[in-house]
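I have placed the structure first, in the form of structure tokens, so that the comments after it can refer back to it.
Lettering of chains follows the sequences in order, A, B, ..., and the numbering in each one begins at 1.
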Amino acid sequence: MRPARPAAGVLHDLVLPWYAAHQRDLPWRRPDRSPWGVLVSEVMLQQTPVSRVLPVWQRWMSLWPTPSALADAAAGEAVREWGRLGYPRRALRLHAAAVAVRDDHGGVVPAEEAVLRTLPGVGDYTAAAVAAFAFGRRATVVDTNVRRVHARAVTGTALPAPSLSRAEVELATALLPEDDARAAVWNVAVMELGALVCTARAPRCGDCPLATVCAWRLAGSPAHDGPPRRGQAWQGTDRQCRGRMVQLLRDSTEPVPGDALRAVWPEEAQRDRCLDALVAEGLVEPLDGGLFRLPGLAS
DNA sequence: CATGCGTGGGA
DNA sequence: TTCCCAAGCAT
């Protein structure tokens with residue numbers, strides 16, 4: 001027979017003290033950080049590890065301490081300063097979000113989840129995270145870490161399903177403490193537990209505050225039974241081709257001739273398709289004379 | 001709802 | 001070395 005699910009109060013009493021003792025000192029968690037800093041960190045952290053975000057976030061905060069500061073810069077500067085974080089369209093959307101905050105919200109990052117959700121690059125997760133972490137709101141924050149902790153500790157499975165289900169959101173909402181401030185800490189605490197202890201590959205159950213109540217452990221830590229997770233292909237993909245082109249533009253202070261841009265990829269049809277797509281998405285700007293550059297940069 | 005979208009470090 | 005994957009979003 002399956003072990004009972006641990007009650008919410010039990011989880012709170014175990015996880016909150018653990019977080020108080022083990023939380024990382026991250027700059028976007030410090031008292032002096034702004035809602036803008038939190039928003040920037042959340043977008044940078046989408047699919048990107050903390051260690052790589054840290055230096056870029058610091059640089060962005062010094063260059064553009066407010067949404068209006070970024071909005072007044074060229075979009076291409078945002079892409080350039082994004083460096084090698086990956087998925088550079090996030091930089092473009094963050095710039096667009098800054099413009100929206102400046103033009104539609106008086107330069108102030110909105111606190112309402114529904115309003116945050118209207119900003120480019122801000123989805124359900126990021127809107128909830130900013131509302132909770134920057135403004136102390138009681139929001140249901142469900143990221144991959146939270147999903148994994150809930151899957152193991154509460155549901156008793158090794159890993160969550162590939163896509164977020166309605167049931168998972170309802171579970172996360174049910175586990176949220178009633179009190180606003182406590183709820184905000186709970187959200188970040190569960191994420192931190194997933195990031196540091198309840199990790200995807202080799203969970204450190206020996207260090208886990210939930211080890212004694214974890215449904216997955218009590219069931220004998222059964223292996224993942226669903227379909228094997230498909231890794232993303234890389235060699236020969238459009239993503240690899242696009243990555244090379246954007247890198248070339250990022251590393252050049254001058255506009256780049258189309259011939260030089262096309263030289264980064266041998267296959268003609270794919271190379272042209274990728275360049276066209278980059279231009280269509282606004283990540284690359286075509287100039288007269290067959291030159292290209294990052295969008296909006298003075299040259 | 002499944003896919004495409006970058007990158008680099010650790011197991 | 002190869003594989004996996006890290007605080008998702010938009011279409």
Given atom [atom1] of [X] and atom [atom2] of [N], what is their separation to the nearest angstrom?
X: A:Y87; N: B:dT3; atom1: OH; atom2: C1'; answer: 11 Å
X: A:W82; N: B:dC5; atom1: CH2; atom2: P; answer: 18 Å
X: A:Q46; N: B:dC5; atom1: CD; atom2: C1'; answer: 12 Å
X: A:R204; N: B:dA11; atom1: CZ; atom2: P; answer: 11 Å
X: A:Q240; N: B:dG4; atom1: CD; atom2: C1'; answer: 15 Å
X: A:R239; N: B:dT3; atom1: CZ; atom2: P; answer: 13 Å
X: A:Q270; N: B:dG4; atom1: CD; atom2: P; answer: 13 Å
X: A:D251; N: B:dT7; atom1: CG; atom2: P; answer: 10 Å

Checking all strands, does [X] fall into the base, sugar-phosphate, or nothing category for heavy-atom contacts under 4.0 angstrom?
X: A:R148; result: sugar-phosphate
X: A:L26; result: base
X: A:G231; result: nothing
X: A:A200; result: sugar-phosphate
X: A:W28; result: base
X: A:Q232; result: base
X: A:S41; result: nothing

Checking side-chain polar atoms at under 3.5 Å, does A:W60 have a donor or acceptor matched by the opposite partner on A:E81?
no
Side chains of A:E42 and A:Y125: donor-acceptor distance under 3.5 Å anywhere?
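Yes - a donor-acceptor pair under 3.5 Å links their side chains.
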Using the side-chain heavy atoms of A:R201, tell me which of these nucleotides is nearest: B:dG9, B:dT7, B:dG6.
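Among the listed nucleotides, the one closest to the side chain of A:R201 is B:dG9.
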What are the two closest heavy atoms between A:A260 and A:L248, and how far apart are they?
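Nearest pair, atom of A:A260 first, then A:L248: O-CD2, 3.6 Å.
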Can you give me the closest heavy-atom contact between A:A78 and A:A91, atom names plus distance?
O-CB, 3.7 Å
Among residues 157-190 of chain A, which residues get a heavy atom nearer than 4.0 Å to DNA chain B?
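Heavy-atom cutoff 4.0 Å gives no residues at all.
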OP1, OP2 of B:dG6 versus side-chain N and O of A:R242: anything below 4.0 Å?
yes
A:G123 or A:T48: which one's nearest nucleotide on DNA chain C is closer to the 5' end?
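Result of the comparison: A:T48.
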Tell me which of A:R52 and A:A127 sits closer to the 5' end of DNA chain C, going by the nucleotide each one is nearest to.
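In this pair, the answer is A:R52.
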Heavy-atom side-chain contact between [X] and [Y] under 4.5 Å:
X: A:H150; Y: A:V190; result: yes
X: A:W186; Y: A:L176; result: yes
X: A:L210; Y: A:L193; result: yes
X: A:Q46; Y: A:V43; result: yes

Could you go through A:D207 and A:R204, starting from their C-alpha distance and side-chain angles, then the distance that decides it, and tell me whether this counts as salt bridge (Lys or Arg N to Asp or Glu O under 4.0 Å)?
CA-CA 6 Å; A:D207 297 327; A:R204 302 166 50 190; 2.8 Å; yes
Between B:dT3 and C:dA7 - P atom distance, rounded Å
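These two P atoms come out 23 Å apart once rounded.
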Taking salt bridge (charged side-chain N to carboxylate O under 4.0 Å, His left out) as the definition, give me every residue that meets it alongside A:D259, ordered by chain and number, with sequence neighbours left out.
A:R262
Of all nucleotides in DNA chain C that come within under 4.0 Å of a heavy atom of chain A, which is furthest toward the 5' end and which toward the 3' end?
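Contacts span C:dC4 to C:dA10, reading 5' to 3'.
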CZ-CG distance between A:R244 and A:L261, expressed to the nearest 0.5 angstrom
12.5 Å
Which residue, A:S51 or A:D238, contacts DNA chain B at a nucleotide closer to its 5' end, judged by nearest heavy atom?
A:D238
